[in-house]
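Note sheet for the following structure.
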Amino acid sequence: MSDEPSELDRLLAVPEARALMDALMSYTPSITTVVRASDLKVLRVSEFASQLLGLTPVPREGVPFDIYAGGFKAFDAERRPIRFEHRPLIRAVRGEVVHNHFGYVQDFAGRWVPIVCNAAPIRDAAGAVIGAILSCTDITKQKQLEDELRETADQKEALFRELAHRVKNHLQIMSGLIALDARDDSLSAAEVAERNQYRLRMLAAVYDSLTQAEAGERIGARVFVDEVCRPYRTEQVAVDVEVVPADLTLAPDQAAPFGMLLNEAVCNAYKHAFPDRAGRVQVTLRREGEGLVLEVADDGVGLPAQAADRSSHGLKLMRLQARQLNGTLTIGDRPGGGAVVTAALPEEAV
């Protein structure tokens with residue numbers, strides 16, 4: 001093969017694409033690998049790969065996939081070795097989309113690690129396959145719970161439904177949002193990359209909360225809300241969080257849409273409320289009557305300036321997430337100056 005960069009190499013070298021890929025590799029808690037189709041050379045590998053497989057954290061990019069994959073053994077659901085040509089990433093290079101492929105990997109210590117893999121081809125403008133991407137998630141905790149509940153068929157079935165529902169929803173959210181942003185002519189490539197970096201961080205907070213909670217358990221709202229807001233705290237912008245009561249919890253299945261709504265509200269205030277000065281954003285989640293109220297208020301330039309900006313994309317997304325949570329969204333002026341976004345949500349929904 002020529003040493004000349006391929007189309008996929010050139011694509012990944014674009015600063016905005018590289019920034020988005022860096023965020024994906026850093027914040028997604030899975031083994032994520034990108035290969036070139038022409039020679040199966042590994043172009044990107046997530047930081048999580050070494051962690052999960054117990055490998056020495058050395059650079060693995062630039063090596064052929066068969067050598068990279070030789071660092072661990074792959075097995076199917078029955079713990080039978082998977083032939084190289086049947087691995088999800090190789091299937092994706094051939095043009096196949098692989099959804100929720102369950103199997104195991106075995107690290108150098110001989111530990112069996114249950115994983116769920118998704119893989120897809122990367123195509124050029126003409127539709128030709130120029131590469132492939134693979135994402136494998138460690139589901140050890142879920143499998144341990146499944147084994148403990150094996151004698152209870154109903155609980156076992158609910159566990160799998162919960163896992164499949166979460167994975168599907170989160171992948172659909174990110175793929176849909178990236179596609180929507182890409183079609184928005186008012187957004188530059190840099191803005192698309194930045195928006196989705198924040199969203200990936202939000203999903204990282206979702207995964208972190210779900211990892212810490214047992215299957216089916218509710219998520220501590222205070223820690224989750226604070227983690228979503230954390231990237232927006234700077235020397236110029238203060239973001240305060242209040243949750244009442246302090247032990248308020250959220251349902252795990254609704255963590256992603258709730259987090260997306262919150263992220264977009266805080267992001268809009270962060271980007272548009274303080275064009276030339278410092279400011280403060282107050283995030284409040286409280287129980288009110290038989291439901292919950294999420295309020296994101298800023299002391300910035302106010303609604304007219306924000307409405308004139310091209311933030312309608314974010315506002316549409318917030319309304320969509322509120323509807324998904326069976327709630328309502330209102331946007332208005334804040335007494336004393338600034339703007340306020342209020343979402344009224346049934347507590348059983350979140």
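Just so you know, these numbers use all the heavy atoms, side chains as well, and skip hydrogens, waters and symmetry mates. Fair warning: this is a prediction, and the values are worked out from it, not measured in the lab.
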Sidechain-backbone polar pair: Asp299 side chain, Arg280 backbone, donor-acceptor under 3.5 Å |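 Looks like yes, one N/O pair under 3.5 Å.
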
Which is it for Ile115 and Ile31 under the side chain to side chain contact (heavy atoms under 4.5 Å, CB included) test, yes or no, and what are the steps along the way?
-> CA-CA 10 Å; Ile115 56 173; Ile31 304 175; 5.5 Å; no

Candidates Val281, Asp240, Val239 - the one meeting side chain to side chain contact (heavy atoms under 4.5 Å, CB included) with Arg233 | Val239

About how many Å separate [atom2] of [Y] and [atom1] of [X], when rounded to the nearest 0.5 Å?
| X | Y | atom1 | atom2 | value |
| --- | --- | --- | --- | --- |
| Arg286 | Glu288 | CZ | CD | 4.5 Å |
| Thr328 | Asn326 | OG1 | CG | 11.0 Å |
| Arg218 | Leu250 | CZ | CG | 7.0 Å |
| Phe258 | Leu292 | CZ | CG | 7.5 Å |
| Ile139 | Tyr104 | CD1 | OH | 7.5 Å |
| Gln282 | Cys229 | CD | SG | 9.5 Å |

Find out whether [X] and [Y] are in side-chain contact, i.e. whether some heavy atom of one side chain is under 4.5 Å from a heavy atom of the other.
| X | Y | result |
| --- | --- | --- |
| Asp66 | Leu40 | no |
| Leu134 | His101 | no |
| Leu89 | Val35 | yes |

Hey, is Asp226 close enough to Arg222 for a salt bridge, meaning N to O under 4.0 Å?
-> yes

Could you please spell out the steps behind the side chain to side chain contact (heavy atoms under 4.5 Å, CB included) verdict for Asn100 and Asn118?
-> CA-CA 5 Å; Asn100 295 333; Asn118 291 273; 3.5 Å; yes

Going by atom type alone, with no hydrogens or angles, which donor-acceptor pairs under 3.5 Å involve a side-chain atom of residues 79-86 and a protein atom two or more places apart or on another chain?
unit_1, atom_1, unit_2, atom_2, d
Arg80, NE, Asp76, OD2, 2.9
Arg80, NH2, Asp76, OD2, 3.1
Arg83, NE, Glu85, OE2, 2.9
Arg83, NH2, Glu85, OE2, 2.7

Hey, are Asn263 and Tyr232 close enough side-chain-wise for a donor-acceptor pair under 3.5 Å?
->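 The answer is yes; a qualifying pair exists.
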
Decide yes or no on side chain to side chain contact (heavy atoms under 4.5 Å, CB included) for Arg334 and Asp298, but give the supporting numbers first.
-> CA-CA 8 Å; Arg334 172 182 171 271; Asp298 66 71; 5.9 Å; no

Hphob cluster co-occupancy, [X] + [Y], side-chain heavy atoms under 4.5 angstrom:
| X | Y | result |
| --- | --- | --- |
| Val116 | Phe75 | yes |
| Ile331 | Val283 | yes |
| Val293 | Met318 | no |

Least distance between heavy atoms, [X] atom then [Y] atom:
| X | Y | answer |
| --- | --- | --- |
| Pro275 | His272 | CD-O, 3.8 Å |
| Pro88 | Val98 | O-CG2, 3.9 Å |
| Thr32 | Ser135 | OG1-OG, 3.9 Å |
| Val129 | Ala92 | CG1-O, 4.3 Å |
| Val244 | Leu248 | O-CD2, 4.1 Å |
| Val42 | Phe65 | CG2-CA, 3.8 Å |

